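Keep in mind it's a predicted model, so treat the numbers as computed, not measured. Sequence lines set the chain letters: A, B, ... in the order given, protein chains first and strands last, and positions in each chain run from 1.
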Amino acid sequence: MTQDTAPITEDSHLYLIDASGYIFRAFHALPPLTRPSDGLPVGAVQGFCNMLWKLLEELKGDDRPTHFACIFDKGSYTFRNDLYPDYKAQRPPPPEDLVPQFPLIRQAAIAFGTPALEMEGYEADDLIATYARQAEEKGARVTIVSSDKDLMQLVSDKITLLDTMKNKRLSFEEVEAKFGVGPDKVIDVQSLAGDSVDNVPGAPGIGVKTAATLINEYGDVLSLLERAEEIKQPKRRQTLIDHADQIRVSRDLVTLKCDVPIEAPLETLKVRDPDPATLIEFLEGMEFRTITRRVRETFEAEGDLPDPVESEGVDHDQYETVTTEAQLAEWISRIRKTGYVAVDTETDALDAVSSNLVGISLSTNVNEACYIPVGHVSVSEGELNLSNDEKPEQLGLDKVITALKPVLEDAEILKIGQNFKYDLAVFSRYGITVAPYDDTMLLSFCLHAGMHGHGMDELSERFLSHTPIAFKEVCGTGKSQISFDRVELDKATRYAAEDADVTLRLWKLFKPLLAKQKVTRVYERIERALPAVISRMELEGVKVDRDALSRMSSDFSQRMAGYEAEAHELAGKDFNLGSPKQLGEILFGDMGLPGGKKTKTGAWSTDASALEELAAAGHDLPRTIINWRTLSKLKSTYADALQEAINKKTGRVHTSYSLSAAQTGRLSSTDPNLQNIPIRTEEGRKIRNAFIAEPGNVLVSADYSQIELRLLAHIADIDALKNAFRDGLDIHAMTASEMFGMPIEGMDPMVRRQAKAINFGIIYGISAYGLSNQLGIPQGEARDYIKAYFEKFPGIRKYMDDTKEFAKEHAFVQTIYGRKCWVQGIKAKNAAQRSFAERQAINAPIQGSAADIIKRAMINMPGALEEAGLKGRMLLQVHDELIFECPEAEADTLISTVRRVMEKATEPALQLSVPLVVDARAADNWADAH
DNA sequence: TAAGTCACG
DNA sequence: GACGTACGTGACTTAT
């Protein structure tokens, strides 16, 4: 595992556990407890474990630790004994029942994954002081878990003490109450008052009260000693004069050292999750039943991730660079013998559409991997360079392709890739249709969607405890980045072969888990087929009208300039309209408008809804800003960016779909995102007009009507809804009619709109607040609507309760294809966090099932089009919509084929209890087809 | 790199 | 009754 660290910043919160102090306190405060099997005293250990668990698991928000350490005393001899031999001399030896618990508590700290720190010659308090001050200097918060008065001198506005037994934080007030002075004078009071427990002498006859009075009058103890002559009470004066040296020594004794030469730097104290197996083993060994159960539940609730496998370490030196035909033949025969092979391609650019193959890596076993360079050039290629480095020795591209094609297309040989969609696209451009294949990214996605990311580096870290060589280590970064064809073969081999090696290791780990986790169906019937289908769509791309976009861009620019001038005029000064910060200062500062919402960082909210409100109150500037923002968004994100995205080679725009980004199983679209092309406003729809078909062709858009509500009806099994869909009713009107008891005929559009908002709200895991916001009505009214809804559709409430219950028990929810969506935080103590998880749990089966269905349709589509003898191709997916391009003449046939495939997407394997309905239309641009 | 905003289903 | 919220995404801009 990598030694992960985290720098200390203002947002950090360091917890320092005064472990040695805790032991004594717990021993006396808690009832004695012995281990059932052998009577070993373990009371303090149990208290300690409970405390750590509570601190690490249950604290949220600001109080949540980001850095954490347990600090121990080491030995009994410290530098203070050199100052004063009697320091702590009269302490009785620790109780017999406590002695065996010291080492156990150290073990406990380690089992919890926290550093257990100590240092010869210093007390725990000195280490705590040193760490606390260092963190304070960086602006971090510090919590010292202790109630030891000796630590009170450290309290500041950043540093507090936490007494976990009384669950009380000690800050200025408490310190003042105890010592009669602030934290900065605690040392002075202590050096006068002394301490009988620690055997600090102080000044005889002077207690805390007197000391505080003196210090408050004289400032500090050293000044007091200097001016001792001025003291009026003769006895007190004499005491101070006689014992000045002793008081000075006392001062040194009570002053905590803030400059201990610590060994573990602050940033290494980063909080990390305990290793479940280690922790549970320790707790079980202690025979602590309750906390063992709690810990186990927590880890199991988070979904038991397989432990990182204990496998052979990655050895880059075992990788082979294949540059001869003999070597290549040897690898091919090895693959045929194994029956499977991990494959990875390296190219000279990131996009699969136009990049060239540079090399191929293969792996058939752990540490058994090779790299076959086919397109490497000299390191200085393309530069004016007089050094005589030559193009490296390598096999010709054609030779390698010809040799590998039969293997890659062999139905008996399984090809294994990570994010294989990319490699499929590359190979397809060299005439190879790779099949069959497995994709480790998708295996991971089926097993663990919602738990973590599924990129190779993260998976390798998580499951193999190995950090692969970073791409930027090989190719550099930023301006000096080179393309992979210029990497020297040695380096390229280590990097590329490692990718194949890691992919194979992940496959060996994940593949058997599919059945165990019961996600074989969603993998085999859905995910596995997608890379091939989607890689084809990506390669197709879509045509956009560059000139139209360019004209729009100019038009937007001009009008933006108008709004900008207007805004500056209204504001009375120039400012950057794109800066929410500056805008907030002008609206709510200069102009003194009433600010509504705040953002989570405390800044005034200037989003559209806030500006709308101000505009409605009769202010002009907000409206101007809204207008400017609309145009600015359209210009930069669409009109300009889409032109940039036109591929030089194909003249079309090729998005990239991410198959494992959305936890519900939806696809997402990037570079550019073609799933958020404007449609809701007139102005925005112009952008959609620029998505066009080739001459003689049309675009066809086919979208599922109300698919999520239909799925809600099916999944929650609501007869009224199912019947409404079977009867082809307007579902929102029907909902309104049921709720408010009015006829559908002649319904007020506003009433229907409210019902529509409620229907959407249901799918999102409704809340009164959310609904009131959406409809602009008071929360109470929203609450009444929801109540009315649930009275009319009690089955929906039952579905929601059952789903939450299921999620709480299993930590995941499922779609109709058995896709698991893991939900984190469903058991959180924090209500907001828990509610969020509950809404996710309610939404995920619906959104996820819809995603499953359209994916099934997409998988069936190419075959259906071909069977129907159609030339049309599938270009885009937008969650419930598919976009095709086809010759004008075949539009009608294509529409009926597409509609059939989409409406019957679940059959015959799965029969829904509601009909799926697809609307489809053809036009020469996307706006009109939709 | 984070925060704020806004485009979509 | 108080929490602080509608579910799921990605891109662009400003500010640090």
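The base-pairing partner of C:dA2, taking Watson-Crick or G-U wobble contacts with both distances under 3.5 Å, does not exist among the strands shown. Remark: B:dA3 base-pairs with C:dT13. Criterion, Watson-Crick or G-U wobble with two distances under 3.5 Å.
With B:dT5, C:dA6, C:dG8 as the candidates, the nucleotide lying closest to the side chain of A:Ser605 is B:dT5. Candidate nucleotides C:dG4, C:dC12, B:dG9 were compared by shortest atom distance to the side chain of A:Thr637, and C:dC12 ranks first. When the nucleotides B:dG9, C:dG4, C:dT9 are ranked by their closest atom to the side chain of A:Asp880, B:dG9 comes out on top.
Rounded to the nearest Å, the gap between the P atom of C:dA6 and that of B:dT5 is 13 Å. The P atoms of B:dA3 and C:dT5 are separated by 14 Å, rounded to the nearest whole Å.
Across all strands, A:Thr606 comes closer than 4.0 Å only to sugar-phosphate atoms, never to a base (heavy-atom distances). Nucleic acid contact for A:Ile677: sugar-phosphate only, since backbone atoms but no base atoms lie under 4.0 Å from a heavy atom of the residue. Residue A:Lys633 is classed as a base contact, given a heavy-atom separation below 4.0 Å to a base. Note on A:Gln582: only backbone sugar-phosphate atoms sit closer than 4.0 angstrom, heavy atoms only; bases stay farther off. Heavy atoms of A:Leu771 sit under 4.0 angstrom from at least one base atom. Across all strands, A:Asp671 comes closer than 4.0 Å only to sugar-phosphate atoms, never to a base (heavy-atom distances). Across all strands, A:Gly578 comes closer than 4.0 Å only to sugar-phosphate atoms, never to a base (heavy-atom distances).
Relative to the six-membered ring of A:Phe812, A:Lys820 meets both conditions, a distance below 6.0 Å and an angle of at most 45° to the axis. Both tests pass for A:Lys598 against the ring of A:Trp604: distance under 6.0 Å to the centre and angle within 45° of the axis.
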Evaluate the salt bridge (charged side-chain N to carboxylate O under 4.0 Å, His left out) criterion for residues A:Arg546 and A:Glu644: first the C-alpha distance (whole Å), next the side-chain angles of each, then the deciding distance (0.1 Å), finally the verdict. CA-CA 9 Å; A:Arg546 183 194 291 274; A:Glu644 295 282 310; over 6 Å; no
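Under 3.5 Å, the side chain of A:Ser767 and the base of C:dT5 form at least one donor-acceptor pair of N or O atoms.
Residue A:His930 contributes atom NE2, which lies 10 Å from atom C1' of B:dC8 at whole-angstrom precision. Here B:dC6 presents its C1' atom at 14 Å from CD1 of A:Ile687, a figure rounded to the nearest Å. Straight-line distance from the OH atom of A:Tyr764 to the C1' atom of C:dT9: 11 Å, rounded to whole Å. We find that CD of A:Gln663 is positioned 15 Å from C1' of C:dG10, with the value rounded to whole Å. Per the geometry, CD1 belonging to A:Ile586 stands 14 Å off P belonging to C:dT14, to the nearest Å. Separating the CG atom of A:Asn576 from the C1' atom of C:dT13 is a distance of 9 Å, rounded to the nearest angstrom. Atom pair A:Asn673:CG and C:dG8:P shows a separation of 17 Å (rounding to whole Å applied). Atoms CZ (A:Arg680) and C1' (B:dC8) sit 6 Å apart, rounded to a whole Å.
Heavy-atom neighbours of A:Lys597 NZ from other residues, nucleotides or ligands within 6.0 Å: above the threshold of 12. Enclosure of atom NZ in A:Lys792 is not indicated, since only 12 or fewer non-hydrogen atoms of other residues, nucleotides or ligands lie within 6.0 angstrom.
Taking the six-membered ring where the residue is Trp, the centroids of A:Tyr789 and A:Phe793 are separated by under 6.0 Å. The aromatic ring centres of A:Trp628 and A:Tyr563 sit 6.0 Å or more apart.
For the side chain to side chain contact (heavy atoms under 4.5 Å, CB included) with A:Glu881, the lone residue among A:Asp703, A:Asp919, A:Leu876, A:Ile854 that qualifies is A:Asp703.
Remark: A:Gln847 in residues 834-851 of chain A come within less than 4.0 Å of DNA chain B through at least one heavy atom.
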